[in-house]
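Remarks on the structure that follows.
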Amino acid sequence: MRWSQYPVNTTKETPADAEVVSHQLMLRAGLIRKLAAGLYTWMPLGLRAMRKVENIVREEMDRAGALEVLMPGAIPAELWAESGRWDKFGPELLRFKDRHERDFCLGPTHEEVITDIARSDLKSYRQLPVNFYQIQMKFRDERRPRFGVMRAREFLMKDAYSFDITPEGMAKSYDAMYAAYTAIFTRLGLKFRSVVADTGAIGGSKSEEFHVLADSGEDAIAFSDGDDYAANLEMAVAMPPSTPRPAPGAAMAEVATPGAKTIEDVANLLKLPASQLVKTLLVDGAEGGVVALLVRGDHELNAVKAQKLPGVLSPLRMSSSDSITKATGAEPGSLGPVSFAGKVYADHSVVALADFVCGANRNGTHLTGVNWGRDLPEATAVDIRNAVAGDPSPTGKGTLGIARGIEVGHVFQLGQKYSESMGSTVLGENGKSAVTYMGCYGIGVTRVVAAAIEQNHDARGIIWPDAIAPFQVVVVPLNAVKSPRVRETADRLYNELRAAGYDVLLDDRDERPGVKFADSELIGIPHRVVVGDRGLEAGKLEYRHRRAEAAEEFPAGDALAFLRSRLGN
RNA sequence: CGGGGCAUGGCGCAGUCUGGUAGCGCAUCUGCUUUGGGAGCAGAGGGUCGCAGGUUCGAAUCCUGCUGCCCCGACCA
């Protein structure tokens, strides 16, 4: 492609409303253009990168034996009523009526449609297992779209759905997808990690997420340095302390703590570490009332774990200050489990404390030297905190570290949730009808592009992994207007590289060198060849990888051979 | 959904408090010079100041209503 014929609008200034670096760079490099909140046009350069991702995903899905289909974006409401999700899904589902006043929605995901296909087209166990996938625009009316295409309302997604006759078959289909995902993200050249995930509202027995590792990631993931254990922080098991609870060493005493409402305040006032304090959080109970959740002062409550406890309202809701005062007689900041009337759940690390500090359920008052069994009944010991770096791994090998990641894929074993409610059955070997077992598997294609940039950039711009780069190599002639030799050499090299099958961009614009260098670095082309009079004088061209510290010269004579060695294939 | 903020040329902003007929930088176009790290000079084009009412001799500026967008939180899987 000749740059002079290609609409690449780069800007020096960062648009004011772009927060994360991938969003800023995508706008500055002219990859995307915003149309409305969460809606973006993919410009030619950006679309090339997106297509590279899409093609790798397609190739690996095909290789894994999945079959590509394309389902409609608009879906009739009846189908969603069948699965029960028309009522349950909430305002994320964009609903509208057609000219006949019939209800439709824009598909945020396609379980219903594919299950409808399955129940009408799959009749016999002999047709299974089968895995259908599509690569298509999804629409979710996010309350707050942000971070550019990372959390947009419309986004390109690969979604796949497997059907099996047995749970074992489903597990096998799932494993095949897991392997395909590993191959995909490896080929894309991204640093990634798969983690055990919460099955959440979708339900099902097993789920793993694939995260691209990046400091700016929205999700925290915990991983062991001793083996391959890795889990979303929501799911990461926080182990009980290995040392037993010490014997009581102090008597329980009241201490005045006026105005000290946070753990930090109280710890400073009493000159104690936060780990000796107990944080008491009141949440709404499943059948009204409140439940007390205790975590150590230096720990955080894990909402996903807590809302699974018997008697706790799901989704988790912190109690209002009214019901807190009603239940304890005190306000948040002075709450504690001693003399608390309701159900108390304590994190393992809290149960292991002796002589701890907690609120006295009287404003401005705390208790010190509190001990389980003596000053209050033993509480139910549970895991309700976020794991922290340094925790022992739940597998017993190594300790946990915390990293940040961007969720780009997930795989789910759905079981019979949709096949049951929508009647996807086939005739089994025994001639009896059997409900199919489903799996579903997603990859956010557009999000992968943004995640690749989050993970691969520097102060000058994007650094595309070779597999995603819109162009593999850029040829930069300097001052070609004045030098026919430069122009001819660059043209010849451009044609040779194209003939050899590379995606080449020729910067044939009449711009000054600084502009060309800055632009090629901003748009992140991984390989660059500079053609200048200075080098040609000595029969040399100049090569530089986008990550390299410095350029290297090579003979202009057998340029193609040299570049093959640098570009690969 | 709660709180806060913004809306002036393609982009980034000033002007609004104190009303007087719109300006700067980048980008774009023309010419000359320049050419190994975002050039210089000279000139040019481009804006119903988010929309609708109102006050006034006069509104980007004051008042009312609406819309869009951004940020923080909650929510969502």
Side-chain angles (χ1 to χ4, degrees), chain A residues 7-20 23-24 27-30 33-39 41 43 85 88-94 108-109 111 138 140-148 151 153 155 157 159 195 197-204 207-209 211 218-219 232 234-235 303-304 307 314-318 320 406-412 414 440 442 444 447 459-461 476-483 486-487 507 509-523 528-537 540-542 544 550-551 553:
Chain A
V8 182
N9 283 313
T10 60
T11 62
K12 275 185 264 190
E13 289 180 287
T14 304
D17 55 10
E19 279 294 298
V20 295
H23 189 196
Q24 295 171 352
L27 290 169
R28 284 190 53 208
R33 215 179 152 86
K34 186 170 86 165
L35 180 64
L39 301 176
T41 297
M43 298 304 285
R85 292 210 294 182
K88 269 192 251 162
F89 210 85
E92 260 197 6
L93 187 65
L94 183 67
T109 172
E111 281 85 0
K138 298 280 193 260
R140 291 185 193 172
D141 200 358
E142 294 275 351
R143 275 179 192 183
R144 193 177 150 206
R146 57 187 138 172
F147 306 147
R151 187 173 281 275
R153 289 197 288 182
F155 55 98
M157 182 167 168
D159 49 327
V195 306
D198 182 28
T199 49
I202 290 187
S207 168
E208 281 157 292
E209 294 169 349
H211 285 259
E218 279 194 279
D219 293 311
N232 193 307
E234 293 173 340
M235 284 288 285
V304 170
Q307 69 197 13
S314 178
L316 192 74
R317 198 166 64 203
M318 303 303 286
S320 65
I406 300 160
E407 184 191 343
V408 288
H410 75 204
V411 289
F412 264 104
L414 285 177
C440 77
R447 185 182 274 192
R460 294 177 169 179
V476 183
L478 299 183
N479 199 14
V481 191
K482 284 263 179 68
S483 168
V486 165
R487 193 166 59 241
D507 193 350
R509 298 175 300 169
D510 181 18
E511 287 288 352
R512 297 165 63 85
V515 174
K516 293 188 174 191
F517 292 149
D519 275 348
S520 75
E521 284 155 1
L522 175 60
I523 69 173
R528 180 170 78 195
V529 182
V530 174
V531 181
D533 245 335
R534 207 172 67 185
L536 284 182
E537 206 63 53
K540 303 276 191 180
L541 299 177
E542 202 176 282
R544 185 171 176 181
E553 291 194 321

The side-chain contact (heavy atoms from CB on, under 4.5 Å) partners of A:A18 (sequence neighbours excluded) come to A:H23, A:Q24, A:L27
Using Watson-Crick geometry (N1-N3 plus N6-O4 or O6-N4) or G-U wobble (N1-O2, O6-N3), each under 3.5 Å, B:rG50 is paired with B:rC66
query: B:rU35 phosphate, OP1 or OP2: any side-chain N/O from A:K516 under 4.0 angstrom?
result: no
Worksheet item: If only atom types and distance count, is the side chain of A:S483 paired as donor or acceptor with the main-chain N or O of A:A480 below 3.5 Å?
Response: no
From the candidates B:rC69, B:rG36, B:rG37, the one with an atom nearest any side-chain atom of A:A518 is B:rG37
Separation of B:rG38 atom C1' from A:D507 atom CG, nearest Å, is 13 Å
Spacing of the P atoms in B:rU18 and B:rC63 (rounded, Å):
10 Å
Between CG of A:L35 and C1' of B:rC70 the distance, given in whole Å, is 17 Å
Separation between the P atoms of B:rG12 and B:rU56, rounded to whole Å: 37 Å
The side-chain contact (heavy atoms from CB on, under 4.5 Å) partners of A:A303 (sequence neighbours excluded) come to A:L316
Assign each of A:A18 and A:F517 the nucleotide of RNA chain B bearing its closest heavy atom; nearer the 5' end lies the nucleotide of A:F517
Separation of B:rA77 atom C1' from A:M157 atom CE, nearest Å, is 10 Å
Just the table, please: protein N/O against nucleotides 39-47 of chain B N/O, every pair under 3.5 Å.
from   : atom 1 : to     : atom 2 : distance (Å)
B:rA39 : OP2    : A:R512 : NE     : 3.4

Of the listed B:rG37, B:rA74, B:rA77, the closest approach to the A:E209 side chain comes from B:rA77
pair_partner(B:rG73), Watson-Crick or wobble, both distances < 3.5 Å, evaluates to B:rC1
Out of B:rU35, B:rG36, B:rG37, minimum distance to the side chain of A:R528 belongs to B:rG37
From CE of A:M235 across to C1' of B:rA77 the rounded distance in Å is 13 Å
Hits for salt bridge (charged side-chain N to carboxylate O under 4.0 Å, His left out) against A:E542, two or more places apart or cross-chain, chain-then-number order -> none
When both distances are under 3.5 Å in a Watson-Crick or G-U wobble arrangement, the nucleotide paired with B:rU56 is none
**Request:** Give a yes or no on whether a salt bridge exists between A:E19 and A:R146, defined as a side-chain N under 4.0 angstrom from a carboxylate O.
**Result:** no
As its Watson-Crick or G-U partner within any shown strand, both distances under 3.5 Å, B:rC13 has B:rG23
Take atom C1' in B:rG68 and the same atom in B:rU33, then report the distance between them in whole Å. 46 Å
Atom CG of A:L27 and atom C1' of B:rC26 are separated, to the nearest Å, by 16 Å
| said: Can you check the distance between B:rU48 and B:rC1, where both ends of the measurement are the C1' atom (answer in whole Å)? | reply: 36 Å
Assign each of A:L522 and A:R146 the nucleotide of RNA chain B bearing its closest heavy atom; nearer the 5' end lies the nucleotide of A:L522
For A:K540, the side-chain contact (heavy atoms from CB on, under 4.5 Å) test, sequence neighbours excluded, returns A:A538, A:E553
Minimal heavy-atom distance between A:C440 and A:E111, with the atoms involved, is SG-OE2, 3.8 Å
Looking across every strand, which nucleic acid part, if any, lies under 4.0 Å from A:D519 by heavy atom: base, sugar-phosphate, or nothing? base
Determine the Euclidean distance between corresponding P atoms of B:rC66 and B:rG4; express it in Å to zero decimal places.
16 Å
Considering only heavy side-chain atoms of A:E92, the closest of B:rC69, B:rC76, B:rG37 is B:rC76
Per-nucleotide protein contact along nucleotides 1-14 of chain B, 5' to 3', at a 4.0 Å heavy-atom cut-off (B base, S sugar-phosphate only, - neither), is ---------SBSS-
Sequence neighbours excluded, the answer for side-chain contact (heavy atoms from CB on, under 4.5 Å) partners of A:N479 is A:K482
Separation of the P atoms in B:rC26 and B:rA59, to the nearest angstrom
33 Å
Rounded to whole Å, CZ of A:R509 lies from C1' of B:rG37 at a distance of 13 Å
Between CD of A:E19 and C1' of B:rC70 the distance, given in whole Å, is 9 Å
Checklist line | Check: B:rG38 base within 3.5 Å donor-acceptor of A:E511 side chain | finding: no
For A:R460, the salt bridge (charged side-chain N to carboxylate O under 4.0 Å, His left out) test, sequence neighbours excluded, returns A:E521
Roughly how many Å apart are B:rG20 and B:rU35, using the P atom of each and rounding to a whole number? 48 Å
Hits for side chain to side chain donor-acceptor pair (under 3.5 Å) against A:R153, two or more places apart or cross-chain, chain-then-number order -> A:D141
#### Entry: P gap between B:rC51 and B:rA60, integer Å
11 Å
request  = Answer yes or no: is there a donor N or O on one side and an acceptor on the other, between the side chain of A:K34 and the main chain of A:G148, under 3.5 Å?
outcome  = no
Here the distance between atom C1' of B:rA74 and atom CD of A:E142, to the nearest Å, is 14 Å
One should read off an interatomic distance between A:R33 CZ and A:N9 CG, to the nearest 0.5 angstrom, of 7.5 Å
Taking B:rC69, B:rG36, B:rA77 as options, the one with an atom nearest any side-chain atom of A:V530 is B:rG36
Mate of B:rU28 across any strand shown (Watson-Crick or G-U wobble, both atom pairs under 3.5 Å) is B:rA44
